[in-house]
2 protein chains.
Amino acid sequence: MNVRTLCLSILHDGDATGYEIRRLSVEGECSYFVEASFGSIYPALARLESEGLVSSRLEQQDGKPTKKVYSITAAGRDAFVQELSAPLGEEMFRSPFLLFARFAHLLPQELVAARADEFLKARQERKRILEDAQKTTGMNASDAWVLNYGRAIMDVAEEYFRTHMDDLIKLGRAEPKKDAAE
Amino acid sequence: MNVRTLCLSILHDGDATGYEIRRLSVEGECSYFVEASFGSIYPALARLESEGLVSSRLEQQDGKPTKKVYSITAAGRDAFVQELSAPLGEEMFRSPFLLFARFAHLLPQELVAARADEFLKARQERKRILEDAQKTTGMNASDAWVLNYGRAIMDVAEEYFRTHMDDLIKLGRAEPKKDAAE
DNA sequence: GGCAGGCTATGTCGGACCGATATATGTCGG
DNA sequence: CCGACATATATCGGTCCGACATAGCCTGCC
């Protein structure tokens, strides 16, 4: 599941610029399971265009820079369905915080508490994005299913973390380098 | 949170070869939130050794190729704690299956059903690995906390998916290319 | 007025990382 | 006896991220 497929999936639902694709992938309804950076989106779009899977047109705007709007072609739609029919890649989950948490006993308690708080806030922000997306209209049944699945898990993840984070913080080292302050 | 830090985290708990680090990162208790391939582990270990953060010794075995066992040094432990004290990277979750699911209405129902089944099996396998890890002895409180957090979420994810996957499958296109079979 | 900062917008580049492959050794089953 | 599998190390091409470069326009502030 590469960036090319991600671009095709967004263009399948409507025209967009590279910038908009990036924003959708980071802040949109699917930001919790697909994401891509400019460094891969722009080259991917250029290659897709050279292969005839998307087309582009320049569009002037007043008060904003000229943008390059991409549209998916018939060949692009075919390639997209083809891609979805191929074997799927593995699910991937990376959490620097959980690696950090595994070594809480090596670290000062205040640091563990601060990181835990950041983590909770980040989780709540993600949840909020999903809730906002759920309010938008023009969503098909598949999108709704995926969104509901995501929300169900995020709700539990947040709830569980909120009620157990104190146990984690208690594992942190109390009063580290006390002498330095005296 | 790079591969170097992952290697240090494993070596912090005991000596290991590159091969063992890979196996732990893919099948171990933390495989659900950290993972790395040979292509990044071996170069990372070589660089860590050149920087004096780990040391290595060759160990002959009968019935198996000679292995290169790495140990963390005092400088390595310091660097590891330093790394954990630095700002953490973002959590990342990638799911080719959920992208697939968003377009279930474009795809034949049998394909959706097959992928959903694969997905459920993969989830159950992950859960099994975590349950096995929980049974092992010699686990500290931090490890136990992380493991409990992971299990809580995985249990819900599996349960929710199992009870809702039929709704997803129903969104698939019924009887595609029927004429070809007649 | 001017100018710093922020948003929109496109793009490049170095480095990190994955996945496949190469290589070697030994076991085990058919 | 040979292919399949497991252990073990290592490299390489290609993909992708994160930081940076560039540029126009808008807003707020002193």
Side-chain angles (χ1 to χ4, degrees), chain A residues 1-8 10 15-27 31 33-51 54 56-70 83 86-94 96 99, chain B residues 1-8 10 15-27 31 33-51 54 56-70 83 86-94 96 99:
Chain A
M1 201 82 344
N2 46 22
V3 176
R4 299 173 79 245
T5 312
L6 167 64
C7 291
L8 289 178
I10 288 174
D15 295 357
T17 67
Y19 190 79
E20 286 163 351
I21 290 174
R22 151 78 178 185
R23 197 155 45 77
L24 278 170
S25 92
V26 171
E27 299 165 30
S31 59
F33 67 86
V34 283
E35 230 171 275
S37 67
F38 290 132
S40 43
I41 288 172
Y42 284 114
L45 286 170
R47 204 181 127 195
L48 285 169
E49 188 167 24
S50 79
E51 291 172 3
V54 304
S56 73
R57 61 179 187 279
L58 290 176
E59 220 168 76
Q60 270 120 327
Q61 314 176 96
D62 26 289
K64 286 176 191 173
T66 302
K67 64 185 184 180
K68 203 180 195 173
V69 182
Y70 288 91
E83 188 71 37
L88 300 173
E90 288 281 299
E91 203 153 77
M92 185 173 81
F93 174 55
R94 291 300 124 86
L99 182 57
Chain B
M1 202 78 346
N2 47 23
V3 175
R4 298 173 79 244
T5 312
L6 166 65
C7 291
L8 288 178
I10 289 174
D15 296 356
T17 66
Y19 190 78
E20 284 163 353
I21 289 174
R22 151 78 178 186
R23 197 155 44 76
L24 279 170
S25 92
V26 171
E27 296 165 32
S31 60
F33 67 86
V34 283
E35 231 171 276
S37 68
F38 291 131
S40 43
I41 288 172
Y42 283 114
L45 286 170
R47 205 183 125 195
L48 285 170
E49 188 166 25
S50 78
E51 291 171 4
V54 304
S56 72
R57 62 180 186 279
L58 289 175
E59 220 168 76
Q60 269 122 325
Q61 314 176 96
D62 28 287
K64 286 174 191 175
T66 302
K67 64 184 181 180
K68 203 181 197 171
V69 181
Y70 288 91
E83 187 73 36
L88 300 172
E90 288 281 298
E91 202 152 76
M92 184 173 80
F93 173 55
R94 290 301 125 86
L99 182 57

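Residue numbers start from 1 in every chain, and the chains themselves are labelled A, B, ... in the order their sequence lines are given, proteins ahead of strands.
- Judged purely by atom type and a 3.5 angstrom limit, Glu20(B) uses its side chain to pair as donor or acceptor with the backbone of Thr17(B).
- Spacing between atom CZ of Arg22(A) and atom C1' of dG18(D) amounts to 9 Å, rounded to whole angstrom units.
- When the C1' atom of dT10(C) is taken as reference, atom CD of Gln60(A) falls 15 Å away, rounded to whole Å.
- Nucleic acid contact class of Gly39(B) (heavy atoms, under 4.0 Å, all strands): base.
- Phe93(B) places a side-chain heavy atom less than 4.5 Å from the side chain of Glu91(A).
- Ala44(B) and Cys7(B) make their closest contact through CB-SG, 4.4 Å (heavy atoms, listed as atom of the first residue, atom of the second, distance).
- Other residues, nucleotides and ligands contribute over 12 non-hydrogen atoms within 6.0 Å of the CD atom of Gln61(A).
- Side-chain nitrogen and oxygen atoms of Gln61(A) include none within less than 4.0 Å of the OP1 or OP2 phosphate oxygen of dC25(D).
- Looking at Thr5(A) and Asn2(A), their side chains come closer than 4.5 Å, going by heavy atoms from C-beta outward.
- Both Pro65(A) and Lys67(B) sit near DNA chain D, but only Lys67(B) has its closest nucleotide nearer the 5' end.
- Checking dT10(C), dA8(D), dG18(D) against every side-chain atom of Phe38(A), the shortest atom distance belongs to dT10(C).
- Look at Tyr19(B) and you'll find a side-chain N or O under 4.0 angstrom from OP1 or OP2 of dT7(D).
- Put simply, CG on Leu48(B) is 12 Å from P on dA16(C), counting in whole angstrom units.
- At dC18(C), one or more side-chain N or O atoms of Ser37(B) fall inside 4.0 Å of OP1 or OP2 (strictly under the cut-off).
- Note: CD (Glu20(A)) to P (dG11(C)) measures 14 Å, nearest angstrom.
- For Thr17(A), a side-chain nitrogen or oxygen approaches OP1 or OP2 of dT10(C) to under 4.0 Å.
- A search for salt bridge (charged side-chain N to carboxylate O under 4.0 Å, His left out) contacts involving Glu51(B) returns Arg4(B), Arg47(B), not counting sequence neighbours.
- Separating the CD1 atom of Ile41(A) from the P atom of dG18(D) is a distance of 12 Å, rounded to the nearest angstrom.
- Residue order along DNA chain D, read from the 5' end via each residue's closest nucleotide, puts Pro43(B) first among Met92(B) and Pro43(B).
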Dot-bracket, DNA chain C: Watson-Crick or G-U, under 3.5 angstrom, [ ] crossing, | other strand?
||||||||||||||||||||||||||||||
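- Backbone-only engagement by Arg47(A) is indicated by non-hydrogen atom pairs under 4.0 Å involving sugar-phosphate atoms exclusively.
- At the heavy-atom level, Ala36(A) lies under 4.0 Å from the strands shown only through sugar-phosphate atoms.
- If you check every strand for non-hydrogen atoms under 4.0 Å, Glu90(B) touches nothing.
- Residues Arg22(A) and Ile41(A) share a closest heavy-atom pair of CA-CD1, 3.5 Å.
- In this model, the phosphate group of dT15(D) is not approached by any side-chain N or O of Ser40(A) to a distance below 4.0 Å at OP1 or OP2.
- dT25(C) atom P lies 17 Å from atom NZ of Lys68(B), rounded to whole Å.
- Between Phe38(A) and Tyr19(A), the ring-plane angle classifies as parallel under the 30° and 60° cut-offs.
- Here the C1' atom of nucleotide dC16(D) and the CG atom of Leu6(A) are 12 Å apart, to the nearest Å.
- As rounded to whole Å, 9 Å separates atom P of dC17(C) from atom CZ of Arg4(B).
- Side-chain N/O atoms of Tyr42(B) include one lying less than 4.0 angstrom from OP1 or OP2 on dT9(D).
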